[in-house]
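What follows is a short report on a single structure.
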Amino acid sequence: MSETAPTRPPSAAPPQSALAKTYDPAAVEAPIYAMWESGGYFRPQARRPDGEPYCIIVPPPNVTGALHLGHALTTTIEDILIRWRRMLGDEALLLPGVDHAGIATQNVVEADIARQGLSRHDIGREAFLERVWEWVARYRGRIADQQRRLGMSCDWEREVFTLDAGPQQAVRSTFRDLHAGGKVYRGHRIINWCPSCRTALSDLEVEYVEEPGALWHVRYPFAAGGGESGGGGIVIATTRPETIPADVAVAVNPDDDRWREVVGRRVRVPTPGIERAIPIIADAAVEIGFGSGALKITPGHDMLDFEIGERHGLPAISVVDWDGTMTPESGPYEGLDRDVARERAAADLEAAGHLVETQPHEHSVGHCQRCDTVVEPLISNQWFVDVSELAAKAASVVREGEVRIVPERFAKVYLQWMDNIRPWCISRQLWWGHRIPAWYCLRCDGAGIQLSVPRSSLPEGGPGLEASPDGAHWSGSAAAIAAAGLPWDRIAALATDPTIGRDVTPIVAADDPAPDACERCGRGPLLQDPDVLDTWFSSGLWPHSTLGWPESNDDLARFYPGSVMETGYDILFFWVARMVMLGCHNMDGAPPFRTVYLHGLVRDAQGRKMSKSLGNGVDPLDVSDQYGTDALRFTLATGSSPGNDMRLTDERLQGSRNFVNKLWNGARFVLGELGDRVVAPRAAAGDPSLALEDRWILSRLAGLTAEADDLLGQFQIGEAGRRIADFLWGDFFDWYVEASKVRLRAGDDAPLGVLAHVLDQGLRLLHPFLPFATEAIWQRLRPHLAGEDGPALIIADYPRPGAGRDAAAERGFAGVQEVVRAIRQVRADRGVEAPRWIEAYVVAGPGGDGDALRDRAAVIETLARARPLRMVAARSEAPDEQVVTQVLDRAEVVLPLGGLVDLARERARLDKQIAEAEGHEARIEAKLANPGFTGKAPAPVVARERERLRELRQRLDGLRERRADLG
RNA sequence: GGGCGAUUAGCUCAGUUGGCUAGAGCGUCCGGUUCACAUCCGGGAGGUCGCAGGUUCAAGUCCUGCAUCGCCCACCA
């Protein structure tokens with residue numbers, strides 16, 4: 001223990017006279033957690049000279065949310081890794097935080113004030129943000145409390161919120177830097193718009209759902225010159241006839257022979273009342289096979305059309321407004337909701353004779369990820385990040401293996417996305433979030449900035465101003481308002497929710513603080529961009545912003561790049577990809593973490609995704625109340641494998657709870673046997689003074705230790721947990737503890753050291769999985785361990801591989817187990833009453849196997865309830881009348897059971913065993929007769945087969961003899 | 001349209017450099033109040049590892065094709 005170790009806190013669990021008979025998580029967990037926290041064990045601390053920094057940044061949950069099972073899974077995996085590395089002596093940091101979750105949180109608070117009949121516009125930006133901060137204050141602590149309940153060993157002193165000053169600074173800094181490099185820009189482009197949230201969305205925030213719709217085939221008549229043509233035209237297919245008024249062209253594929261002739265001609269927009277002729281153009285993006293092969297081009301409301309429009313220098317017309325209703329440009333449909341307009345437009349086309357055909361058509365429709373409203377592609381002035389260069393770097397760090405993704409297959413998905421990345425729309429027309437650090441000069445740009453001011457501040461109005469429908473506001477350009485007599489500084493103060501025109505040039509200052517004068521006119525006033533940034537922009541900076549970037553400091557140097565990023569595969573693009581891009585960018589090409597571990601979804605017992613609408617969501621704390629946190633963690637850890645979904649069932653949780661209870665009771669036994677003794681661990685495998693079972697369990701422990709180390713190192717967390725549990729329950733409790741009782745009951749204390757040692761090591765191995773129960777037990781075991789002065793299991797040394805296996809002991813005890821099982825089998829088969837002792841003969845010749853059996857006869861006796869047990873060297877020394885015989889690999893067991901013996905049944909049993917053994921023998925013989933096998937298979941494999949065959953033949957001889965005896 | 005995953009005992013799932021006479025838990029059947037534990041102990045039954053080919057001495061594990069279910073991506077008019 002180094003001198004930096006924290007002082008020993010008062011023990012949370014003083015040794016008691018007796019442990020409760022059943023493990024009670026509710027009584028154990030809280031005091032244990034308090035002990036860890038007050039002991040300062042969550043603070044990173046290297047406890048060995050070559051201890052390395054090991055850092056996991058916790059994915060920040062939404063500040064106003066509650067944890068769900070996905071969080072519990074993340075928590076479990078991260079905490080297992082952190083506890084493991086902490087116990088290895090590394091400087092382990094699990095860094096917690098919460099996310100402001102822009103649109104999600106804003107929607108929650110908006111829904112709340114809507115219950116009072118208010119909208120955010122009613123109360124204004126400042127008052128609204130105050131309300132949100134109230135929510136944050138109310139809920140912020142809840143997440144951390146829930147994480148504590150899950151046993152998460154975070155360094156709480158470092159907890160960060162995305163809207164803390166540090167991360168705010170990081171966001172501004174990054175934005176400015178990307179802007180200076182030309183990677184952040186403002187542009188008038190087509191974006192995904194949610195008419196309900198009233199904000200732009202990124203491509204990722206749109207969820208496409210297959211929905212039934214219709215495909216309307218519409219004839220666009222040829223226009224001759226400027227006038228009417230005499231019939232004919234071109235037929236296009238559309239799912240959105242309401243956008244026809246926004247058409248600016250019809251496109252066909254240049255290689256489409258059907259339409260080659262008409263390219264260059266003009267057609268009339270067929271909507272009644274729209275007198276407009278549009279060109280027929282040729283563009284390779286049009287698919288020849290679809291519909292008639294002709295496509296209407298609507299750059300204002302379709303992503304592909306926007307691109308085609310740009311290629312051909314076509315204008316864009318907007319017919320759907322920001323609230324989802326039709327604009328004046330739509331002609332007859334002005335003011336209608338877009339869905340109503342669709343029906344109306346189709347009917348009008350039919351009435352006008354332009355509708356050729358209507359077919360049902362399944363197609364995917366984009367919905368807002370947050371509110372499920374159908375997203376409207378429309379043209380808007382937004383901020384974008386040109387991520388092409390960032391993505392190239394982010395792809396290369398994964399390709400080059402600098403960042404490893406577990407499971408590996410997700411690297412392919414990640415790379416595919418990176419290689420086809422498009423500009424990222426980062427501005428959101430929300431109030432809650434990181435406000436965009438760009439300003440506009442009212443004086444210079446007044447003509448391009450639209451805003452509304454209360455009529456009270458400008459009673460007379462003026463030219464260019466328009467009264468709002470309720471008459472309470474004037475709206476118009478800032479310049480017009482100034483011309484009407486309102487002073488500039490008053491305008492700036494009133495301008496809470498302005499609209500910034502496309503020709504206005506933003507001012508992005510090089511540094512904090514905010515600019516106070518226009519860099520062009522030297523005066524101002526300046527108006528900050530009203531929009532906020534996509535939540536994921538700040539999330540993308542999380543791995544370095546939480547460590548204090550852009551200030552350089554110790555933490556950043558030590559803990560960046562982080563070791564592991566653990567999260568669900570569902571946010572691979574949203575978050576992981578952005579962290580890699582922005583991390584590499586800000587940190588001189590250094591990616592934010594070395595390994596990405598992706599877990600799957602936690603589903604319910606029926607395999608359904610847990611969701612609010614289904615009402616099948618499970619609160620991890622309820623599970624913890626019912627089964628204990630350890631049981632929940634163990635279930636999540638062992639029931640999941642990287643990248644794969646898992647089902648959480650009560651059966652599994654019960655199984656885990658049972659295991660925790662088993663551990664608790666196994667420990668009760670050991671502690672009870674120890675009494676008040678302090679024992680030196682008997683740890684040396686191969687020590688000839690130890691009994692066979694001692695050497696066996698120590699060898700098994702050595703094997704387990706090596707396996708656990710290997711598996712954890714490969715992120716095979718579930719497999720590691722299962723192996724440790726199997727060892728404890730199977731090898732240790734079922735066999736070693738039972739065998740140890742033989743000597744203990746005889747007054748021989750020798751097993752105590754082994755019991756204490758194996759329990760101690762088992763608790764250490766298991767601690768990352770079951771932190772509470774293992775710590776609670778260990779606190780009671782510690783006083784019995786000579787030389788152990790560590791204050792808590794959480795910072796005790798994790799067992800490291802090194803001790804060798806004892807092959808002889810493993811083989812020897814396997815023989816004991818084989819004999820015990822064989823006797824138990826016969827007892828059960830013949831219906832021998834459980835408490836009854838039966839006479840038994842074990843036939844074993846001289847040699848290692850036989851010696852081991854003779855040596856441990858007392859163990860066999862007790863475990864098989866076979867007394868007297870006679871060890872004999874030859875079959876002839878055992879009776880052969882009215883006996884049941886078990887022929888094993890290393891011995892034969894003869895049980896004189898008198899009247900219980902049924903000869904016919906014995907013959908049948910032996911015949912079956914002989915047949916099975918012969919089948920097996922034939923398979924091995926064939927294998928060994930194959931020169932390909934003996935020639936090409938590795939020598940140890942061949943040797944093992946030979947040995948198997950030898951044992952098998954020996955056993956077959958025995959079986960045949962016994963069969964012959966029975967006639 | 002492209003990509004990915006799953007398909008192993010009645011159920012839920014492990015099985016990572018091919019060597020398995022394929023495992024676990026639950027369920028099921030038989031038997032148990034042995035002084036750590038009935039949230040337990042002992043014993044049993046139960047699988048042509050989705051289908052068809054291929055590579056290999058050897059395939060649940062690698063390759064190809066197919067089927068069913070699920071997911072992701074795409075500018076599916």
Side-chain angles (χ1 to χ4, degrees), chain A residues 19 21-23 208 210 215 236-240 251 285-287 290-292 294-298 302-308 361-364 407-410 412-413 416-417 420 422 569-570 572-573 600-601 605 607 627 631 638-639 641 643-647 649-652 654-673 711 714 716 718-719 722 725-726 733-734 737-738 741 745 821 824-829 831-835 862-865 916-917 919-920 923-924 927 930-938 940-942 944-945 948 952:
Chain A
L19 273 66
K21 200 169 173 181
T22 302
Y23 175 65
Y208 290 90
E210 285 291 317
L215 197 54
I236 60 89
T238 180
T239 55
R240 301 201 61 189
V286 181
E287 221 173 285
F290 193 96
S292 64
L295 170 63
K296 77 194 209 47
I297 301 301
T298 320
D302 185 279
M303 300 283 176
L304 173 62
D305 292 5
F306 183 84
E307 278 177 29
I308 295 176
H361 180 66
E362 182 103 343
H363 64 309
S364 68
E408 216 167 329
R409 64 188 145 92
F410 282 99
K412 193 171 166 184
V413 180
Q416 232 164 41
W417 189 77
N420 296 292
R422 293 153 46 114
Y569 63 71
D570 51 333
L572 176 61
F573 304 141
L601 265 45
Y627 298 103
T638 57
S641 48
N644 294 325
D645 295 352
M646 71 169 293
R647 298 185 194 204
T649 63
D650 279 315
E651 289 73 23
R652 269 199 116 105
Q654 276 163 21
S656 301
R657 178 203 56 191
N658 294 353
F659 170 60
V660 179
N661 191 241
K662 181 73 189 179
L663 176 71
W664 183 257
N665 275 292
R668 277 182 66 206
F669 170 79
V670 175
L671 291 169
E673 293 299 322
L711 290 167
Q714 293 176 64
Q716 300 242 61
E719 194 58 24
R722 280 187 291 272
D726 286 350
F733 295 140
D734 287 345
V737 164
E738 293 307 318
K741 287 176 182 173
R745 297 293 172 262
R821 284 201 187 97
R824 284 171 172 174
Q825 226 167 343
V826 174
R827 292 179 58 111
D829 181 59
V832 177
E833 299 85 348
T862 303
L863 297 194
R865 217 166 177 75
E916 278 170 2
H920 191 195
R923 253 170 294 153
I924 298 181
K927 209 183 243 192
N930 181 347
F933 176 72
T934 48
K936 293 185 181 176
V941 173
V942 178
R944 194 159 66 229
E945 291 300 322
R948 267 183 208 166
L952 193 61

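Since the structure is predicted, the reported quantities are computational estimates derived from the model, not experimental observations. All chains are named by letter (A, B, ...) in the order of the sequence lines, taking the proteins before the strands, and each is independently numbered beginning at 1.
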N/O-N/O pairs, protein side and nucleotides 37-43 of chain B side, under 3.5 Å:
residue, atom, partner, partner atom, Å
rC37(B), O4', Asn665(A), OD1, 3.0
rC37(B), O2, Lys662(A), NZ, 3.0
rC37(B), N3, Lys662(A), NZ, 2.8
rU39(B), O4', Asn658(A), OD1, 3.1
rU39(B), O2', Asn661(A), OD1, 3.2
rU39(B), O2, Arg657(A), NE, 3.3
rC40(B), OP1, Asn658(A), ND2, 3.0
rC40(B), O3', Lys662(A), NZ, 3.3
rC41(B), OP1, Lys662(A), NZ, 3.2
rC41(B), OP1, Trp729(A), NE1, 2.5
rG42(B), O3', Arg824(A), NH1, 3.4

Can you tabulate the close N/O pairs, meaning under 3.5 Å, that link protein atoms to atoms of nucleotides 69-71 of chain B?
none

Would you tabulate the nitrogen or oxygen pairs shorter than 3.5 Å linking the protein to nucleotides 18-24 of chain B?
residue, atom, partner, partner atom, Å
rG19(B), O2', Arg944(A), NH2, 3.1
rU21(B), OP1, Arg948(A), NH1, 3.2
rU21(B), N3, His920(A), ND1, 3.2

Polar atom pairs between nucleotides 4-11 of chain B and protein, under 3.5 Å, N or O only, would you list them?
residue, atom, partner, partner atom, Å
rC4(B), OP1, Lys412(A), NZ, 2.6

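Shown here are the salt bridge (charged side-chain N to carboxylate O under 4.0 Å, His left out) partners of Arg422(A), two or more places apart in sequence or in another chain: Asp203(A), Glu307(A). Among residues two or more places apart in sequence or in another chain, the side-chain hydrogen bond (donor to acceptor under 3.5 Å, both in side chains) test is passed with Thr298(A) by Asp247(A), Lys296(A). Residues passing the side-chain hydrogen bond (donor to acceptor under 3.5 Å, both in side chains) test with Asp570(A), sequence neighbours excluded: none. With sequence neighbours excluded, no residue forms a side-chain hydrogen bond (donor to acceptor under 3.5 Å, both in side chains) with Arg657(A). Residues passing the ring-ring contact (aromatic ring centres under 6.0 Å, His included) test with Phe573(A), sequence neighbours excluded: Trp417(A). For Asp829(A), the side-chain hydrogen bond (donor to acceptor under 3.5 Å, both in side chains) partners two or more places apart in sequence, or in a different chain, are Arg905(A).
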Problem set entry | Contact letters for nucleotides 60-66 of chain B, in which S counts primed atoms plus P, OP1 and OP2 and B counts the base, heavy atoms under 4.0 Å | -------
Seminar exercise, completed: For RNA chain B, the dot-bracket notation using Watson-Crick and G-U wobble pairs below 3.5 Å, [ ] for pseudoknot-type crossings and | for other-strand pairs, is ((((((((.[[[[.)...(...]]]].(((((.......))))).....[[[[[..)....]]]]])))))))....
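Mapping Phe669(A) and Leu215(A) onto RNA chain B by nearest heavy atom places Phe669(A) at the nucleotide closer to the 5' end.
For the P atom pair drawn from rC4(B) and rG65(B), the interatomic distance equals 11 Å after rounding to whole Å.
At rG25(B), none of the side-chain N or O atoms of Arg722(A) fall inside 4.0 Å of OP1 or OP2 (strictly under the cut-off).
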